[in-house]
Number of protein chains: 2
Amino acid sequence: MFRGQFLHKISKTGRISVPSKFRENLKKKHKTKNLILSTFENSIICYPYPEWIKLEAKISKLPQFKKETVEFERYLVGNAHECEIDNEGRIMIPGILRRNFKINNNAIFIGMLSRFEIWSENSWNKNLKKSFDKFQNSREVLDGI
Amino acid sequence: MFRGQFLHKISKTGRISVPSKFRENLKKKHKTKNLILSTFENSIICYPYPEWIKLEAKISKLPQFKKETVEFERYLVGNAHECEIDNEGRIMIPGILRRNFKINNNAIFIGMLSRFEIWSENSWNKNLKKSFDKFQNSREVLDGI
DNA sequence: TATATTATGCCAAAATATGACAAAATACGC
DNA sequence: GCGTATTTTGTCATATTTTGGCATAATATA
């Protein structure tokens, strides 16, 4: 499972090292070095390649011409980029994603169990306050189960 | 059960010894040396690893793309770091948590039955007064059961 | 085709985490 | 109270992870 928060730096060429804990999980649990990066809210969402494939299988079962399907596909699939983790444990975030999310120097990795997100430090901080307020609203979700 | 309050020092490298009473409980009751540290309000919350896993199992059953789920995960899972108690009974608090909670030298452990919290001495003291007021408001919770 | 831009591979420095050992502080039994 | 055992803290050496730099390769642009 992907958990936790990590602050890493992006090189001028757009490379960033994936947290070693994440790499370990990718290797042990997903047996892959490949990720699919796409967009989700204000962050880059990262799926282990095999998980993404499962997601695609689900998506292709949806009614093809339905408005919601089309919009969902455009957003999630239309922004998907495959990338491989190199020998130093780094990935290269495609320029277009970097530009869209204004990720220049510092980025924050957020573990989300089956996947993880990459945020620019700025927008993560902006979201922090909101995120806590929202947590306050949803904190009892688990007590209910 | 985790009970009581302990004041311990943090080393320059971010290590701190877990109260021996807590270690004993972890060993006897939970049969583990591993903890998950996450954030909760103004403190670091510590779950015995097996307890955390139960929590995760619940979380991963929630609808994955639903707004509330995502926000909940970002907050609770996004801050969760696994750590192991070493031979000297210490854990290392990840830098990012130390920074977020401004825990530098002294920290306070607070037992919370199934889990425990770690506070920076400063914010614990600040919360003391408030905490008593809140207790005043909630002191009858148990009487209702 | 030449040139600029972007991506990749490789090596090494810097930063951070871990393990081992010992000193200091605290708790406990008598 | 005193001596002993346990717990906590400090320090150092080593290992791992992250970052920076540079040369080369691939791709896009004029």
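Protein chains get the first letters and strands the later ones, always in sequence-line order, with residue 1 at the start of each.
Contact annotation: side chain of B:Arg15 to base of C:dG19, donor-acceptor pair present below 3.5 Å.
Between B:Ile91 atom CD1 and C:dG19 atom C1' the separation is 17 Å, expressed in whole Å. In this structure, A:Ile85 atom CD1 and C:dT8 atom P are separated by 14 Å, rounded to whole Å. Per the geometry, NZ belonging to A:Lys9 stands 10 Å off C1' belonging to C:dA14, to the nearest Å. With rounding to whole Å, A:Met92 atom CE is found 5 Å from C:dT8 atom P. Atom-to-atom, CD1 of A:Ile96 to P of C:dT6 comes out at 12 Å; the value is rounded to the nearest Å. Rounded to whole Å, atom C1' of D:dG20 lies 14 Å from atom CD1 of A:Ile10. The CD1 atom of B:Ile16 sits 7 Å away from the P atom of D:dT9 (whole-angstrom rounding). Counting to the nearest Å, the P atom of D:dT18 and the CZ atom of A:Arg90 are 11 Å from each other.
Between B:Phe109 and B:His8, the ring center distance clears the sub-6.0 Å criterion. A distance below 6.0 Å separates the ring centres of A:Phe6 and B:His81.
Residue contacts for A:Asp86: at a heavy-atom cut-off of 4.0 Å it reaches no nucleic acid atom on any strand shown. Within 4.0 Å of B:Ser11, counting heavy atoms only, lies no atom of the nucleic acid at all.
Along DNA chain D, the nucleotide nearest to A:Glu88 and the one nearest to B:Thr13 differ in position, and the one closer to the 5' end is contacted by B:Thr13. DNA chain C is contacted by both B:Asn87 and B:Ile93; B:Ile93 maps to the nucleotide lying nearer its 5′ end (nearest heavy atom per residue).
Under the 3.5 Å distance criterion, the side-chain polar atoms of B:Ser43 are left unmatched by any main-chain donor or acceptor of B:Ile45.
Counting heavy-atom neighbours within 6.0 Å of A:Phe65 CZ, excluding the residue itself, gives a total of 12 or less.
For A:Ser20, the listed nucleotide lying nearest its side chain is D:dT17; candidates were D:dT19, C:dA20, D:dT17.
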>> Checking B:Ile59 against B:Glu73 for the side-chain contact (heavy atoms from CB on, under 4.5 Å) test, could you report, in this order, the C-alpha distance in whole Å, the side-chain angles of both residues, the deciding distance, and whether it holds?
In response: CA-CA 8 Å; B:Ile59 295 173; B:Glu73 282 191 26; 3.7 Å; yes
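Put simply, the side chain of A:Leu55 reaches to within 4.5 Å of the side chain of A:Leu76, judged on heavy atoms.
Taking only side-chain nitrogens and oxygens, A:Arg23 comes nearer than 4.0 Å to OP1 or OP2 of D:dT18. Of the side-chain N and O atoms in B:Ser17, one or more sit less than 4.0 angstrom from OP1 or OP2 of D:dT9. For D:dT11, one of the phosphate oxygens OP1 or OP2 lies less than 4.0 angstrom from a side-chain nitrogen or oxygen of B:Lys12.
Less than 4.0 Å separates DNA chain C from no heavy atom of any residue of residues 97-119 of chain B.
Through direct or relayed side-chain contacts under 4.5 Å between Ile, Leu, Val, Met, Phe, Trp and Tyr, B:Trp124 connects to B:Leu7, B:Ile108, B:Ile110, B:Met112, B:Trp119, B:Leu128.
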